[in-house]
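Let me begin by presenting the structure, written as structure tokens, before commenting on it.
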Amino acid sequence: MLGELGDPELIVERLLKAIEGMSERPMIIERSHLESLLKVETLGEVKPQPPRAQVTPSQAPPAVTVMGGSESHLIEGTINDFRGYFVNRFERLQKILKARADLRDATSVSFLPEGNKWRRVKAIGMVASKKEFKSGGAVVELEDTQGSIKVSFRGDEQLKKKFSRLLMDEVVCIYGSTMNGRSMMAEDIIWPDISPRIRSGGPRRDTYAVLTSDIHIGSKLFMKEQFESFINWIKAEDGEGASKEVALNTKYLIIAGDVVDGVGVYPNQEEELLIKDLNKQYEQAAEYLSMVPEHIKIIIIPGNHDACRPTLPTPPIYREYAEPVYAMKNVAMLGDPAVVNLDGVMFLLTHGRSLDDVIPALPNCSFKEPQNAMVELLKSRHIAPIYGEKTPLAPEQSDSLIIDPVPDVFHAGHVHVWGVSEYRGVVVANSGAWQTQTKYQQSMGIEPRPGVVPVLNLSNFRTTNLNFV
Ligand code: D5M
Ligand code: FE
Ligand code: ZN
């Protein structure tokens, strides 16, 4: 947009000056700022672009769109925006917790009874801090909208294990006892969790959804040959027997982000790029996706390598970079997270960026089995609980990263390691990648498990895994 307006340097200079004059300055400068400044003619002779044809909410200029809503609003990233976001997170997760039969009498931490004798309480709060002491004790600070309390942990191995599972900024209920109502001794921790699923009805006959992600088209490490044999398989021209039968009955192809490798995603990425132009990367992607039979619906959400805003929730990939993909009739471009209903089966799709934060923070979880960390996210009922690490969060008015309703299938990618599991009736799948080990992953000791594709039969929830390596 800047390029089309004339001298970009001059425009940026004026834009910054105009923003300096604003009472609440935005954290991120978005297209909308430029547009609104253009409207009030702060930029003098600079002319606005003619409006683009047919902008539907999901394709509207990114970063100003509330996911799923029809109105768009500006997120400035002020302290108030963040407060509003976390209050919404707290209140909604508190409601989920209190809906549990065992927690109906729970109170949020500022409303604990005061007195002069010990009482048993159930306190709901957001984890504000966590400390372990050499002596063996530990303290958690739990917060609600009014204030916070200190919760002490002592003894009991089982309880210490639960303490170490606590993630920053998640909302939990702690059982324990208090005297003064401002501090308590913990006895147990309860997560929002999910109740065992009674599955929504899928289709009667065998119908398959193919789950993949992290194709990284444009990277020198993109596994072209293997991906091409995957495309050949889905065309149901190659293959035989059962595998061909699956391809013939495939109705959906889901791509959970990182369609392309992108440009400038990490320092010195050029050295690992085969296609150095973002538009060309999407052209190549469209070329491959066009080979997929047209009766198969392709659902695409953005990953951190795609052309989109870097914060979660993320609106769909920018149209101007991925035009050839948008032009395909059988493609739906959605945001991250996305909830889709495929023949009566509810999918929750996310790229999985938060796994980079959550896996190192969780005991018993590793990058080798990302599906286990995804199960923990279901227990936390949140896609990205931790704030302030590698996953940037946009402070929208309503927290769309809360897992509610509970899906039938939870699909993510990002860590490049295939892994499938099931938790209380929810199919949990990480769909690996189509990229071999990058230098960074090598330096971090991350061993990808690419080229394996989970396929879900929607009629009976059975998964099979196709290996193209
Ligand atoms: O991420 C693939 C995996 O590798 C994911 O777990 C993050 C990690 N990764 C890759 N490159 C980096 C850098 N430069 N910093 C931190 N973490 C990284 P992908 O999204 O495909 O790059
Ligand atoms: Fe990736
Ligand atoms: Zn990624």
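Read the numbers this way: they start at 1 and go in the same order the structure lists the ligands and their atoms.
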Open item on the list: Under the rule for salt bridge (Lys or Arg N to Asp or Glu O under 4.0 Å), what residues qualify as partners of E422, not counting sequence neighbours?
Closed with: R199
Task: Approximate separation, where rounding is to 0.5 Å, of E389 CD and S354 OG - done: 12.0 Å
Task: Ring centre gap for Y252 and F347 strictly below 6.0 Å - done: no
TODO: Among all protein heavy atoms, pick the one closest to atom 21 (O) of ligand 1 and tell me residue, atom and distance.
DONE: H416 NE2, 2.8 Å
TODO: Run the salt-bridge test on E376 and K379 with the 4.0 Å N-O cut-off and return the result as yes or no.
DONE: yes
Task: Atoms named by residue and atom, protein N, O or S, within reach of the Fe ion (ligand 2) (under 2.8 Å) - done: D214 OD2, H216 NE2, D258 OD2, H416 NE2
Open item on the list: Below a 4.0 angstrom heavy-atom separation, can you tell me which part of L355, side chain or backbone, both or neither, approaches ligand 1?
Closed with: neither
Open item on the list: Applying a heavy-atom cut-off of 4.0 Å, say which part of Q441 lies close to ligand 1: side chain, backbone, both or neither.
Closed with: side chain
Open item on the list: One residue to check: V415. Relative to ligand 1, which of side chain, backbone, both or neither has a non-hydrogen atom less than 4.0 Å away?
Closed with: both
Task: H216 heavy atom under 4.0 Å from ligand 1 - done: yes
Open item on the list: Salt bridge check, K329 against E294: does any charged N sit closer than 4.0 Å to a carboxylate O?
Closed with: no
Task: Partners meeting salt bridge (Lys or Arg N to Asp or Glu O under 4.0 Å) with D404 (sequence neighbours left out) - done: R381
Open item on the list: Using heavy-atom distances only, which candidate in H351, Q269, Q435, H305 approaches atom 19 (P) of ligand 1 most closely?
Closed with: H305
TODO: May I ask you to identify, for D356, whether its side chain, its backbone, both or neither come under 4.0 Å of ligand 1 on a heavy-atom basis?
DONE: side chain
Task: Name of the residue among I300, I317, I298, V259 meeting side chain to side chain contact (heavy atoms under 4.5 Å, CB included) with V325 - done: I300
TODO: Using a strict 4.0 Å cut-off to heavy atoms of N304, name the atoms of ligand 1 that fall inside it.
DONE: 20 (O)
Open item on the list: Starting from atom 18 (C) of ligand 1, what is the nearest protein heavy atom, named by residue and atom, and what distance separates them?
Closed with: Y440 CE2, 2.8 Å
Task: Carboxylate-amine/guanidinium contact R424 D193, below 4.0 Å - done: yes
Open item on the list: Within ligand 1, which atoms have a heavy atom of D258 less than 4.0 Å away?
Closed with: 19 (P), 20 (O), 21 (O)
Open item on the list: Would you call the rings of W434 and F227 parallel, tilted or perpendicular, taking 30° and 60° as the class edges?
Closed with: perpendicular
TODO: Can you list, by chain and residue number, the protein N, O or S atoms under 2.8 Å from the Zn ion (ligand 3)?
DONE: D258 OD2, N304 OD1, H351 NE2, H414 ND1
Open item on the list: Can you confirm whether E225 is buried at CD, in the sense that more than 12 heavy atoms of other residues, nucleotides or ligands lie under 6.0 Å from that atom?
Closed with: no
Task: N341 atom CG, over 12 foreign heavy atoms within 6.0 Å - done: yes
Open item on the list: Checking a contact table here: which protein heavy atom is nearest atom 3 (C) of ligand 1, and how many Å away?
Closed with: H414 O, 3.5 Å
Open item on the list: Looking at R83, I'd like to know if its CZ atom is crowded, meaning that more than 12 non-hydrogen atoms belonging to other residues, nucleotides or ligands lie closer than 6.0 Å.
Closed with: no
Open item on the list: Is it the case that over 12 heavy atoms from other parts of the model lie below 6.0 angstrom from the NZ atom of K280?
Closed with: no
Task: Neighbour count >12 (heavy atoms, 6.0 Å) for atom NZ, K95 - done: no
Task: Charged N-O contact under 4.0 Å between E228 and K224 - done: yes
